[in-house]
Engineer: 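The structure follows.
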2 protein chains.
Amino acid sequence: MKLYTKAKRRYIYGMENSENSYPRPIVSVDLAIFALTAAGLEVLLAQRGARPFEGDWALPGGWIHVDEDDDLEAAARRVLNLKTGIVAPYLEQVGVSGDAKRDPRGWSLSVTYMALISPDDVTLRHGGNMTEAAWRPIIADGVDGPLAFDHAAILKTAITRLRSKVEYSTLPVHLLPHAFTLSELQMVYERLLGRSLDKSAFRKRIAEVDFIEPIEGEMRRASNRPAQLYRLKQVHATVFFDRTI
Amino acid sequence: MKLYTKAKRRYIYGMENSENSYPRPIVSVDLAIFALTAAGLEVLLAQRGARPFEGDWALPGGWIHVDEDDDLEAAARRVLNLKTGIVAPYLEQVGVSGDAKRDPRGWSLSVTYMALISPDDVTLRHGGNMTEAAWRPIIADGVDGPLAFDHAAILKTAITRLRSKVEYSTLPVHLLPHAFTLSELQMVYERLLGRSLDKSAFRKRIAEVDFIEPIEGEMRRASNRPAQLYRLKQVHATVFFDRTI
DNA sequence: TAACTTAGTTGACAAAACACACTAAGCTGT
DNA sequence: ACAGCTTAGTGTGTTTTGTCAACTAAGTTA
């Protein structure tokens with residue numbers, strides 16, 4: 001670090017006006033993208049096409065582009081769109097993982113976001129330093145097989161967050177397509193919780209927190225009575241129940 | 001960025017083995033340190049002694065020392081110890097704030113931790129680029145007066161997190177000293193919630209989640225019946241109630 | 001049009017929360 | 001010594017809430 005003058009170092013770091021010239025950690029944004037398919041809850045993984053961990057599977061992610069991303073969420077949104085084509089997902093910051101050893105290239109820091117999407121909305125893409133992308137089922141607290149970096153631990157945190165929010169929030173709606181029936185919503189909860197719920201009690205809970213609205217005119221068919229279709233209310237931040245579902 | 005060869009840039013960034021030479025964001029760790037005093041819930045603020053925001057009040061924080069801090073939590077612990085002398089606090093990651101504009105020096109990222117401490121344990125210190133440290137009462141969602149950077153928003157997030165956890169977790173114990181009575185614990189909840197609780201119901205809740213234990217032999221005096229002293233159980237991660245307190 | 005399927009509602013019973021009154025155990029002043 | 005005060009800690013009846021199962025509704029199929 002003694003090779004350059006202080007001014008030059010500042011220039012290199014992009015800190016012409018700064019008093020700080022500490023070495024900076026590497027910063028990336030990683031995504032735990034969840035979807036509920038026929039196989040159950042799945043997470044989108046990408047196979048790394050470059051060192052380190054070349055060939056290993058990892059959570060999709062990327063560097064922050066300081067000249068392109070306005071903020072962290074924008075960076076997460078950019079990565080998500082790159083991999084799935086999705087534009088307006090449910091996105092939630094899960095946490096940060098940072099230490100000296102998780103990346104062999106140096107002290108690094110990964111900001112994790114979790115995204116909940118409907119599998120209908122996805123068109124998988126890959127490229128850049130990711131050679132392949134695939135859905136992998138969630139087994140217990142993670143996926144089968146190892147993951148690059150500390151992504152197994154990060155994924156575990158995201159799964160825990162998701163599971164705990166299922167118990168007492170409206171979050172699972174985001175795993176459904178735009179329009180859905182109450183029975184479908186109940187099934188989402190049941191599959192995530194791994195237990196069956198009472199229809200009457202479930203509907204009471206849903207009615208208490210007023211977060212969905214019927215869509216007029218439409219119904220959905222099987223060989224039985226058709227069900228009312230619903231959608232998320234316009235301005236909806238995840239609402240919490242004051243009791244478990 | 002074109003002034004230097006790729007290899008030189010790598011050297012400067014401390015990334016001799018890296019394929020990445022993106023410009024990196026500035027990274028810091030900031031702390032929302034809460035304590036419950038006679039005046040109510042208070043947060044520890046530090047007055048900045050250097051640009052930017054020189055003279056303004058801010059959450060105590062600092063850069064990550066990549067050669068000293070093993071991980072993010074260690075960095076938070078170092079900052080906390082520096083300001084308060086506390087060694088084993090309750091520390092919880094609240095979130096990350098990062099965008100292009102929050103710091104005039106460039107794209108920056110702040111990892112926020114919240115700490116809950118007993119005011120008895122503190123010996124305030126200051127120095128470095130902080131000229132002064134002081135406890136400031138929490139009013140509504142923040143403190144009276146402006147804060148440096150986006151610390152008002154960060155503090156608001158931390159307060160929200162704290163308040164919501166009070167309703168359904170054992171977290172408030174960390175605002176008490178090592179030994180305490182059930183009445184004191186109830187008072188902590190009441191002051192944080194801003195409403196009174198039923199003694200009988202409160203004790204039932206506390207007994208349900210088995211997280212404190214009586215300390216033998218000791219009592220605490222006033223001019224009345226003495227109360228049993230309790231302490232946190234050894235291995236205690238914050239436990240959640242399945243109902244509001 | 002009877003039998004079947006899933007949607008959506010109602011109501012009786014049981015369990016839990018709530019409010020409040022009670023007992024317990026110390027101190028203080030006369 | 002003991003009445004009266006204060007705070008600790010427990011018990012109880014009422015009201016609210018959750019649970020479970022049966023019921024009605026509205027379509028399809030043969």
Side-chain angles (χ1 to χ4, degrees), chain A residues 38 166-170 172-173 176-191 193-231 239-245, chain B residues 38 166-170 172-173 176-191 193-231 239-245:
Chain A
V166 172
E167 279 282 1
Y168 59 89
S169 87
T170 63
V173 258
L176 285 169
H178 181 72
F180 53 88
T181 69
L182 286 181
S183 296
E184 287 168 342
L185 184 59
Q186 182 172 348
M187 271 189 282
V188 171
Y189 276 90
E190 287 178 342
R191 296 181 65 189
L193 292 169
R195 68 169 198 266
S196 59
L197 299 172
D198 179 74
K199 188 165 43 161
S200 168
F202 178 80
R203 287 162 123 92
K204 210 176 290 175
R205 271 301 136 63
I206 297 300
E208 273 167 21
V209 294
D210 163 56
F211 73 109
I212 57 175
E213 57 190 2
I215 303 177
E216 46 163 284
E218 295 170 89
M219 301 267 163
R220 186 166 281 180
R221 64 207 66 274
S223 66
N224 52 5
R225 171 174 177 176
Q228 178 66 53
L229 279 178
Y230 290 84
R231 70 172 174 201
V239 180
F240 294 90
F241 308 122
D242 50 345
R243 196 74 168 97
T244 56
I245 189 76
Chain B
V166 172
E167 278 283 0
Y168 58 89
S169 87
T170 63
V173 258
L176 285 170
H178 181 72
F180 54 88
T181 69
L182 286 182
S183 298
E184 286 168 343
L185 184 58
Q186 182 173 347
M187 271 189 280
V188 170
Y189 275 90
E190 288 178 335
R191 297 180 66 189
L193 292 169
R195 67 169 198 267
S196 59
L197 299 171
D198 180 75
K199 190 168 35 164
S200 172
F202 178 80
R203 288 162 122 92
K204 209 176 290 174
R205 267 306 133 62
I206 297 300
E208 273 167 23
V209 295
D210 163 57
F211 72 109
I212 57 176
E213 57 190 2
I215 304 177
E216 47 163 284
E218 295 171 90
M219 302 267 161
R220 186 166 280 181
R221 63 208 64 272
S223 67
N224 52 4
R225 171 175 177 174
Q228 178 66 54
L229 278 178
Y230 291 84
R231 69 171 175 203
V239 180
F240 293 91
F241 307 123
D242 51 344
R243 195 75 168 98
T244 55
I245 189 77

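Just so it is clear: chains get the letters A, B, ... in the order the sequence lines come, proteins before strands, and each one is counted from 1.
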Engineer: May I have the step-by-step check of side chain to side chain contact (heavy atoms under 4.5 Å, CB included) for B:Thr170 and B:Ile212, ending in yes or no?
Structural biologist: CA-CA 10 Å; B:Thr170 63; B:Ile212 57 176; over 6 Å; no
Engineer: Using whole Å, report how far CG of A:Asn224 lies from P of D:dT29.
Structural biologist: 10 Å
Engineer: Can you see which heavy atom on B:Asp242 is nearest to which on B:Glu208, and at what distance?
Structural biologist: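 Distance-wise, the nearest heavy atoms are OD1-OE1, 4.3 Å.
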Engineer: What's the closest nucleotide to the side chain of A:Arg203 if the choices are C:dA19, D:dA8, C:dG8?
Structural biologist: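 Closest nucleotide to the A:Arg203 side chain: C:dG8.
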Engineer: Given the structure, check if the side chain of A:Ser200 and the base of D:dT19 hold any donor-acceptor pair shorter than 3.5 Å.
Structural biologist: no
Engineer: Can you name the nearest heavy-atom pair linking B:Glu190 to B:Leu197, along with the distance?
Structural biologist: OE2-N, 2.9 Å
Engineer: Do any of residues 180-190 of chain B sit with a heavy atom less than 4.0 Å from DNA chain C, and if so which?
Structural biologist: none
Engineer: So, under a plain 3.5 Å distance rule, would you say the side chain of B:Arg225 forms a donor-acceptor pair with the base of D:dA8?
Structural biologist: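 Flag set: donor-acceptor pair detected.
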Engineer: Round to the nearest Å and state the distance from B:Asp242 atom CG to D:dG18 atom P.
Structural biologist: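 Spelled out: CG on B:Asp242 to P on D:dG18 is 12 Å.
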Engineer: Is the ring pair B:Phe202/B:Tyr189 parallel, tilted or perpendicular, if the boundaries are 30 and 60 degrees?
Structural biologist: perpendicular
Engineer: Looking only at non-hydrogen atoms, find the nearest pair between B:Phe211 and B:Val173 and report the distance.
Structural biologist: CE1-CG1, 3.6 Å
Engineer: Could you say whether B:Tyr230 or B:Arg243 is positioned toward the 5' end of DNA chain D, judged by the nucleotide with the nearest heavy atom to each?
Structural biologist: B:Tyr230
Engineer: Taking CZ from B:Phe202 and C1' from C:dC20, how many angstroms apart are they, rounded to a whole number?
Structural biologist: 19 Å
Engineer: Please confirm whether any donor atom in the side chain of A:Lys199 sits under 3.5 Å from an acceptor in the base of C:dG8, or the reverse.
Structural biologist: yes
Engineer: Would you call the rings of A:Tyr168 and B:Tyr168 parallel, tilted or perpendicular, taking 30° and 60° as the class edges?
Structural biologist: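 Correct class here is tilted.
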Engineer: How long is the line joining CD of A:Gln228 and C1' of D:dG27, in whole Å?
Structural biologist: 15 Å
Engineer: More 5' along DNA chain C: B:Asp198 or B:Arg205, using each one's nearest nucleotide?
Structural biologist: B:Arg205
Engineer: May I have the distance from B:Leu197 (atom CG) to C:dA17 (atom P), rounded to whole angstrom?
Structural biologist: 14 Å
Engineer: CZ of B:Phe241 versus C1' of C:dA16: gap in Å, rounded?
Structural biologist: 17 Å
Engineer: Flag the pair B:Glu167 and B:Arg195 as a salt bridge only when some basic side-chain nitrogen lies within less than 4.0 angstrom of an acidic carboxylate oxygen.
Structural biologist: yes
